[in-house]
Amino acid sequence: MKQVKISGVIVPNEDKWIYDWFGMEATCPDDVKKAIKSAGKDEITFVINSPGGEIGAGSEMWYMINSYEQKTYADIVGYACSAASYLAMGADVVRMAPTALMMIHLVSGDASGNCNAMEKEASTLRVADKAISNAYKLKTGKSNEELLALMEQETWMDAEKAKELGFIDSIIGAENEAKAMPIYNAFGNILSEEVKEKVRNMVKHTDTGDSGNQDFLLQTKLNLLKLGGMRNV
């Protein structure tokens, strides 16, 4: 049995290096792809502790987990919120530590422009909400209407509630399955597009081999953090 860790913010492949640069924990689809490839034909347990993140990256992870030919388990050991909650639905068996939490909610975006642009964004978000509810539907057997109502309320679930609603199959430790794993109580942060673009431009135009530039990069990193360049997922 191979274990694959999915922790920190769920991010697109092209953004992973930026999170690494900040020293922030994050997981991208390529991380999961490499881990699955190294598993050979072993069964896999995906150990999840994530506040969520980008919906496209989460959907790609759901597909890879769901299409793996051997049996898969998703063990939620800390948080499985937002995108992390529905990628977990791709596993054959979903389990949750008794101290873990799951959260589902509607998709959010950053729209700007005139009324037409805002209406188009709202329509797009509704489509995305429906698409995400399909992953929950396959697992729980509930209707899209029921699931969208739960998402609209930003529903938080402990292990017992998640099992009652059909989001998980069992509670770790409750049925002599496995020893409960450690839980952490801190949310991660997701970098704003503005900050990521600043980092890309800065790194592209800076000679990182120069000691003075190294000091500049470190100071800029601290300044970005102090200025609130990150937002909660």
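Values below: all heavy atoms of this structure, side chains included; hydrogens, waters and symmetry mates excluded. Along the sequence shown, residues are numbered consecutively beginning with 1.
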- prompt: Can I104 and M157 be said to form a side chain to side chain contact (heavy atoms under 4.5 Å, CB included), step by step?
  reply: CA-CA 9 Å; I104 64 174; M157 295 170 276; 4.1 Å; yes
Exercise. Determine, step by step, whether K137 and E146 satisfy the salt bridge (Lys or Arg N to Asp or Glu O under 4.0 Å) criterion, reporting the C-alpha distance in whole Å, the side-chain angles of both residues, the deciding distance to 0.1 Å, and the verdict.
Key: CA-CA 9 Å; K137 180 180 179 180; E146 290 176 292; over 6 Å; no
Sequence neighbours excluded, the answer for side-chain hydrogen bond (donor to acceptor under 3.5 Å, both in side chains) partners of E145 is none
Those residues at least two apart in sequence (or on a different chain) that pass side-chain hydrogen bond (donor to acceptor under 3.5 Å, both in side chains) with K142 are none
Find out whether [X] and [Y] are in side-chain contact, i.e. whether some heavy atom of one side chain is under 4.5 Å from a heavy atom of the other.
| X | Y | answer |
| --- | --- | --- |
| L101 | W156 | yes |
| L125 | L106 | no |
| M102 | I76 | yes |
| R95 | V93 | yes |
| L87 | I48 | yes |

Looking at D42 and K2, does any basic side-chain N land under 4.0 Å from a carboxylate oxygen?
no
Donor + acceptor pair across side chains of [X], [Y] (<3.5 Å):
| X | Y | value |
| --- | --- | --- |
| Y136 | S85 | yes |
| S133 | N144 | yes |
| S7 | E25 | yes |

query = Can the ring centroids of F46 and Y73 be said to lie less than 6.0 angstrom from one another?
reply = no
Set out, in order, the CA-CA distance, both residues' side-chain angles and the distance that settles salt bridge (Lys or Arg N to Asp or Glu O under 4.0 Å) for E164 and K161, then state yes or no. CA-CA 5 Å; E164 176 189 330; K161 188 65 174 178; 3.6 Å; yes
- Where the side chain of N13 meets the backbone of C28, is there a donor-acceptor pair that is under 3.5 Å apart? no
Practice problem: Could you tell me whether a side-chain N or O of S123 sits under 3.5 Å from a main-chain N or O of E119, the two making a donor and an acceptor? | Solution: no
- In sequence, state the C-alpha distance, the side-chain angles, and the governing distance for T155 and H105, and then conclude on side-chain hydrogen bond (donor to acceptor under 3.5 Å, both in side chains). CA-CA 7 Å; T155 300; H105 67 166; over 6 Å; no
> Which is it for D169 and K139 under the salt bridge (Lys or Arg N to Asp or Glu O under 4.0 Å) test, yes or no, and what are the steps along the way?
Replying inline: CA-CA 9 Å; D169 299 292; K139 182 63 182 177; 2.6 Å; yes
(Q) Go through it in stages, so that I can follow the logic: the residues are T140 and L147, the test is side chain to side chain contact (heavy atoms under 4.5 Å, CB included), and I'd like the CA-CA distance, side-chain angles, deciding distance and then a yes or no. (A) CA-CA 9 Å; T140 67; L147 293 162; 3.9 Å; yes
For residues 125-134, the salt bridge (charged side-chain N to carboxylate O under 4.0 Å, His left out) pairs (sequence neighbours left out) are none
